[in-house]
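Single-structure report; data block below.
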Amino acid sequence: MTAATGAPPARAGRAELARRWVRQNLARSRVDAAVSVVALVACGYVLFRLARFVLVTGRWDVVRVNLRLFLVGRFPPDHLLRVSVSLVVVAAVAGLVAGVVHRRQVAAGTATLPDLGPVRRLSVVAVRLWPLLLGTLLLLLLCSTPGPWVTVGVAAAAAVVGRVVGARLPRVAHPAVVLVALATGPALVAYLVAAEGWERWGGLMLNLFIAATSIALCFPVGVLAALGRRSRLPVISWLSTGYIELFRGAPLFVLLLMANVALQFFIPSTLAPGKVVRAIVVFTLFTGAYLAEIVRGGLQSLPPGQEEAAKALGLSPISTTFLIVLPQALRNVIPAQVGQLISLFKDTTLAGAAMGLFELAEIGRAATSQAGFAGQRLLPETLGFVALLFWIGAYTMSRESQRIEAKLGVGER
Amino acid sequence: MLRAAVQLVALAAAVAVIAVLVVNVQRNSDRLNIPTSFDYLDRPAQFPIPDTDFRQTQPVRDAIVVGLWNTVRVSAVGIVLATLLGTLIGVARLSGNWLVRSAARVYVEVIRNIPLYIFVTFAYGSLALVTFPRIEEAWRPLGLAVLSNRGLLVPRLEGRVALLGVAVLLAVLASVLIARRRYAVADRTGAAPRWGWYATPVVAALLGAGWLAGGLTVDVPEALDDRVGFTGGLRVSPELFAILFALVLYTSSHIAEIVRGSIQAVQKGQGEAAMALALSPWQRLWYVVLPQAFRVAVPPLGNQYLNLLKNSTLGYTVSFFELARVTSLSVGNGAPAVPSYLLTLTIFLVLSLVVSLLVNLANRRLALEPAR
């Protein structure tokens, strides 16, 4: 038997290399080879069925006709320009932030790719964000009007311009960029609400709105609850623990059902929050409780020397917490935090099932009973499309979190 | 002094918030003429529960018991199946075979990034009701089960099943005792424990005795002679199938990642040391790597079990009568909303505590014992 392991000799031909790879990865023994054959047949069958569904048997008209419904719900068509403008602004700000981050990393000597030509850099970003780009392309191909193409083109240009400008901004301007980034969300929401109140939003836009708002609100809640649970003051600790355990022990779906029919009993009858607001309240409190436990894990992972050193330097307890402890604690648990945010994004589908909000998954279900499509058993097509959109969002987030994790060297100390 | 003041203020604020909530509930209920007591539990539920003996004249209390049983049942079966499938896929993620490894990776990355609700809806609206054959063309694997769009019929044990349960408990107890004894002997003499060799006949004898004592027979579903349909067997309704299928699929992808991470967390030196001791690959995995991996895996596994328990409320969306659906229906039929939902939340808190307790027990059993 020839040696299958060890470094390949430099002159080995391509066929020989391929054979060697097969021997090491697919056929290490007879049993292994048999397993490979079985797995090949099984995977081949699944892929064949999938390809047949996507390319041949799938009746995608229901998606094509309802594309706007899926993406922005019943947002008034006259005001769709506002959605386009928002997308462009988001792209520009994202580019700006990426540029600033890159510049700071270069200055600190932590950038992974400090000097790269513009073309190479674009290709690196394209590889990094391939699910997002492929999904965008797919959506554009389903469109029948030129509007979305123009929007995406302008947004891409805006992102590039933002990136270039951001990388050239002097250090003094960086705090301003942070402020602009923080103000973008509320400003865009106000801009969109001017056309249509958020209670009548729908589609992917509604899912993203609920998820983004809840994420922004649940962070302070979670951090405060985590700090409270670790407080040396027993009453604060009990109250925080009570909140955390109560919401972690409750099913999100039941909380949403409750928000739908029982919440109005707990508040004065003059207040009548809409369904979207109620959903955001539930998502915020629920995710805040989970986030608190994650942050607590981060706090516990810090060696006590950090706090003691800060105390020895004469920092006040508040400065110690916010300048020394929290930044390190939050950094240590980035993957778990992103995981929780991905869960939140996926869980926004429950707002449709429990509260009747017109979000993406609910539209997928409703579209199959539309006039013209009813009774044709189109659920695989609509749900497949909805699942793809969610998958792109969640998978991109999880990839980015892995990238940040690798970059920060978490777990490598 | 300051600390006492801060705590007092916090306590006062918390009490005030709770008091305002209680007053609001009382005032709003009075205004709408809705009771706030739990008297509704004894009133008729006014809705029947399909696939059960529950009739609409029975009290809400009984409906909640049926819902609780369904929640517990789907969670327990789901936890077992998801653990089995998840472990299989987690180990496959680390296979030396590229194809197996990649397929497992794609499975995990696809499934865990799609919302559970989509799986539930698809499993019910598309798989269970449309893809499965009509009852006339029911699919009968090996003649034992019947699969159609009216649900799944599987063989059922008939007789005094409780006696078999007792026998299973006894068998577990006997195995533990035999294993202890054999490990004690192994410690003393250095002989291999081989407790499986000693325990298997005892277990077989106990189970056989239980089977005979219970007078058990297997009830296989049979086709009816006079009309289309089947009789006998245990019925899994399309609703139960859909929620179970989705829960197992979704949770298994999360469990697979936990299993993979835990195996990778076992120090490389452990496997290498086992190899140096000339243990076979199987012995290496079973005696050295897996016991240590399980120690790491138990707490996150417990979290997944809790998630599965809570996610079982999605049965609501496919008309599976678990707690959330029963609660929602009884509120729709006149039960007061606030007490109903508070009761359901309390039940879930208790169930969560039970699961946590079991996981903590396992954790304590597996945790590193302090050096003796």
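Atoms considered below: every heavy atom in the structure, side chains included; atoms not considered: hydrogens, waters and symmetry mates. Naming: A, B, ... by sequence-line order, numbering from 1 per chain.
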Query raised in the report: What distance do L350(A) atom CG and L116(B) atom CG have between them, rounded to the nearest 0.5 Å?
Result: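 Going from the CG atom of L350(A) to the CG atom of L116(B) covers 7.5 Å.
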
Query - R73(B) atom CZ, over 12 foreign heavy atoms within 6.0 Å - result: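 Yes.
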
Query raised in the report: More than 12 foreign heavy atoms under 6.0 Å from CZ of R377(A): is that the case here?
Result: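 Count not over threshold, so no.
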
Requested in this report: Test F265(A) against L32(B) for side chain to side chain contact (heavy atoms under 4.5 Å, CB included), laying out the working first.
Outcome: CA-CA 10 Å; F265(A) 285 94; L32(B) 300 168; 4.0 Å; yes

Taking [X] for its side chain and [Y] for its backbone only, find out whether a donor-acceptor pair lies under 3.5 Å.
| X | Y | answer |
| --- | --- | --- |
| K310(B) | R248(A) | yes |
| D32(A) | N97(B) | no |
| N113(B) | W391(A) | no |
| K346(A) | Y117(B) | no |

**Report entry** Engaged part of R101(B) at the chain A interface, taking heavy atoms whose separation is under 4.5 Å
**Finding:**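 When you check distances to chain A, only side chain atoms of R101(B) fall under 4.5 Å.
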
Query raised in the report: Among N24(B), V23(B), V20(B), whose side chain to side chain contact (heavy atoms under 4.5 Å, CB included) with P268(A) holds?
Result: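 Answer after filtering N24(B), V23(B), V20(B): N24(B).
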
**Report entry** Heavy-atom pair of closest approach, residues T121(B) and R365(A)
**Finding:**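 Heavy-atom minimum between the residues: CG2-CD, 3.3 Å.
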
Report task. Would you mind telling me which of T346(B), L99(B), V350(B) has the largest number of heavy-atom pairs within less than 4.5 Å of chain A? Result ->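 With the most close heavy-atom pairs to chain A, the winner is L99(B).
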
Query raised in the report: What option among L233(A), L379(A), I342(A), T349(A) has the most heavy-atom pairs under 4.5 Å with chain B?
Result: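 Among L233(A), L379(A), I342(A), T349(A), the one with the most close pairs to chain B is L233(A).
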
